[in-house]
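Read the numbers this way: they start at 1 and go in the same order the structure lists the ligands and their atoms.
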Amino acid sequence: MLTAEPMDNFAAHATPMMKQYIELKSQYPDAILFFRLGDFYEMFFDDALKAAEVLQITLTSRSKGSEKVPMAGIPFHAARRYVAKLVEAGFKVAICEQVEPPGKSNLVRREVVRVITPGVILDEEVLEAKENNFLAAVKYAKGKFGLAMLDASTGEFFAFPLLEATSLRDELAKFFVRELLISKEELTYEVECLLEGFVSRPLVVPLEKGEFEFSNANASLCTHFKVLSLESFGLKDNPASICAAGAALNYLLKTQKTAASHVTKIHLCHRSNYLLLDDATIGHLEIVKTARDGQRTGSLLGVMDKTTTTLGARKLTRWLLSPSTQKQEIEARHDVVEECTEKSANTEQLRNLLREVADIERLCARLSLASGTPRDMRMLGQSLCVFPKLVAWLSGMKSALFGKLVPFLESQELRLLAERVLRALIEEPPASTTEGGFMRGGFCPELDEAISLASQGKEWLIKMEAKERKLTGINSLKLRYNRIFGYYMEVSKANLHLVPSHWTRKQTMVGAERFVTEELQEYERKILDAQERRIQLELRWFETLRQEVVAKTQLILAASEAVATVDVLASFAQLAVENGYVRPLMEEGVAFEMVEGRHPVVEQMIKPQPFVSNSLSLNAEDGQLVLITGPNMAGKSTVMRQAALCILMAQAGSFVPAQKMRLGICDRLFSRVGASDNLSRGQSTFMVEMVETARILHSATSNSFIILDEIGRGTATFDGLSLAWAVAEYLCEEVKARCLFATHYHELTDLARERANVRNCSIAVQEKDGKIFFLRKLVEGPANRSYGIEVARLAGLPLQVLKRAKELLANLEAQELDEAGHPSILREAKKRRLKAQLGLFEESQATPPPSHASSEEVLEAVAAFPLLTTTPLEALNSIAKWQEKLKASR
Ligand SMILES: Nc1ncnc2c1ncn2[C@@H]1O[C@H](COP(=O)(O)OP(=O)(O)O)[C@@H](O)[C@H]1O
Ligand SMILES: [Mg+2]
């Protein structure tokens, strides 16, 4: 196998072309350099080795004397596919072109014209139409982080005020960052840890410190946005964010080598304006992807997405991950949805109009970055033509929010631009400019003349063929064209004796000869000149139009944002009509009331089975923490997630699946699943569970909403139960957040006896003939038993085992304590000592039990018991042994 000889050793005696390669490559050490050689892009040295492996292409070598350089090449016309593959594999690709026609000098001049990286990619075949593609930059400042996000494919640019490390992680997860820029010195262990465990980890690109330097960053941003200070963007007091934003913008400018005029503004995101979700919650609630396989189908987004444009689909994703906390904003959205549902026939018209709007954001980005095609331009023009119809439609509606959007779509300038583009370009222009043929006749007289010359020439050739046939008497004579010889006449061998003497022989074929005449060559020059002129003129016009589009970018992008908003709201209305959702009532306080609510996703997934609706209410008076018990599979997780998802939907501006919902606006939503219940992480540990729980206890407020699903399950029973109890207590005493707490620790239900703001609910099951039926109905009061054995029966455990288990359970329950009405678990402070008995606690007297040593032993055995690796049967056997010991010790 070939190995790469270090380039430096090679450079001294390399050919001029290889010297040129080495020089260019040295400027892009971290990218794979596509070096244009005629009809190919070639890669050398290490790049060739990497590319050959990723792209599955042949590795060859270029030899010079005794030396061999590894080489791999791809045809230039297929480059797009290969670039996509490399970028998806996490590489950067630098495209190096010949920037002068060959033959002018010995060595053709070459330049890198563009660098494509995972975070800066414009090719619509690589980008997911319904997803953003963000590049992030991070600047460390006094233990916190300044953050900026830039989507080069849409021009969206966001900055954040200083963030804690955990919040930074949440934002990176929320925006699906593909590439992360950071100063070399700041790429510390801490940052590495932060990115640990990301499902799709961004490519981390360390940059020189100078790229993040404040004065540089500030100056680049001001120059780019043509402002004197960044005050108008609210960025002035956020130096770290400015550093990050400057680095991101410069990276875009450097890789694309154009002005990036489609980045028209930077938006400062104040986190308090959004319902905050951390990355664990986003995962657990399966908001945009399922936990099991990372698919959109089966997620909340999958169910809710009724948008008709890709602009809307991306905005919907954003809204679901950053719902609003602003009552006015939320209600304005609800007003629109309400009006649209009332006029649903009308709304269908609107959706049909929206279907005619292409991805103008991305078209605009491509045209701005000079990689747009005539086809892109035409699509943009057609989309802009829909605006007047949209305006007419919106003007017929009463909602204030629609009214606010109208001015963005009403622009006279955009109407004129659209008309001009459509007048200039043919209906179905080619996807590339190189061959011309995309301009309409009648647009420019000079161009018309070139077009007519070129096409007249063709007619003339047909006439000439006929004429020569007649003159020579060669009926099979053909007048043809090829790239190498230009126009020629072909005569078969049998007719050669008829060829006139003034014809010049050009080429001999198997059965024929090819000739040219002076007259033919002269005409050929005329036609080719005309064609060349035509292409030049078309290109010039295309560039002019492109500049006109670039000049209107700001207007186009503002309009596209309005279209996206209209689309999402119309999609909410459609969803509400299809699935029978209602408008939620938004309030200031901390109420939560849901009447006959349904889980938006499960409801769709189990169709045609009916979903059993459930009512639930939380408030400071009769329970802001609700403990939900019930057997496995009863529907505890479902009812809790249903509440969380409906909150999210309501604050995103959507209607909700319920008969009625009242909601005091939430500032944060947390969702946690106990370690052993959490399948998606696979490797999850109890530690992860506790870290996540700790985060909730530290950051939740009285306006937050928390769902805790089987917390404490990842450790031994006593530990787990005690932790679950203490966490629940802390939540209702200190945090005072609204909280749903599902638990299989039956004993926890005692908490409600102690605290007024804790309430017990359970999911009803019906027992019949020793079997259980799940009713899926949430009812007041705790579950009376845990039904583990009945669930085991459903799972098909042998009868003998079930019988024995029942027997053992009866034994255990015979010792269950506290019939006196006291809670089983109480605080040390209340001088009730814990006495361990098989998952239960008992109030005990001052004197210790007689054989202390022996019960200690049991306790130790219980604590060290490998719960997760033991079968239920082994567990029961061990319990029986411990019981014997305890009985003996009394
Ligand atoms: N209200 C409901 N109506 C219909 N099916 C339900 C309902 N709640 C739950 N289910 C079904 O029962 C299954 C188990 O529910 P889950 O919430 O996971 O139970 P638990 O958390 O109590 O073990 C779900 O996958 C769902 O298909
Ligand atoms: Mg569950």
Show me which atoms of ligand 1 lie under 4.0 Å from any heavy atom of [X].
| X | result |
| --- | --- |
| G635 | 8 (N), 9 (C), 15 (O), 16 (P), 17 (O), 19 (O), 20 (P), 22 (O) |
| T638 | 8 (N), 9 (C), 15 (O), 16 (P), 17 (O), 24 (C) |
| N632 | 23 (O) |

Check your understanding: At a 4.0 Å cut-off, with the gap strictly under it, does some heavy atom of P631 reach an atom of ligand 1?
Key ->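 True for this residue.
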
Point to revise | A634 touching ligand 1 at heavy-atom level, < 4.0 angstrom | key: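 Yes, A634 has a heavy atom closer than 4.0 Å to ligand 1.
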
Are any of the N or O atoms of [X] closer than 3.5 Å to those of ligand 1?
| X | value |
| --- | --- |
| I606 | no |
| F611 | no |
| V602 | no |

Exercise for review: Please check if the side chain of T290 supplies one atom and the backbone of E286 the other of a donor-acceptor pair under 3.5 Å.
Suggested key: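 Not at all, since once roles are kept as given, no pair shorter than 3.5 Å links the two residues.
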
Point to revise | R314 NZ/CZ over W319 ring centroid, <6.0 Å and within 45° of normal | key: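 Judged by the rule (NZ or CZ under 6.0 Å from the ring centre, within 45° of its axis), R314 is not positioned above W319.
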
Practice item. Could you point out which residue of R672, R668, K174 forms a salt bridge (Lys or Arg N to Asp or Glu O under 4.0 Å) with D278? Key: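 Exactly one option meets the salt bridge (Lys or Arg N to Asp or Glu O under 4.0 Å) with D278, and it is R672.
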
Check your understanding: Is a side-chain donor-acceptor pair under 3.5 Å present for R641 with S671?
Key ->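 Short answer, no.
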
**Study point:** the Mg ion (ligand 2) reached by S637 (N, O or S, under 2.8 Å)
**Key:**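 Yes, within the cut-off.
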
Check your understanding: Which heavy atom of N703 sits nearest a heavy atom of G589, and at what distance?
Key ->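 Looks like OD1-O, 4.4 Å.
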
Review point. Between F670 and F705, is the ring centre distance below 6.0 Å?
Key: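 Here the rings of F705 and F670 have centres that are no less than 6.0 Å from each other.
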
Check your understanding: Taking the side chain as C-beta and beyond, is there a heavy-atom pair between I665 and Q651 under 4.5 Å?
Key ->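 Heavy-atom side-chain distance check passes, below 4.5 Å.
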
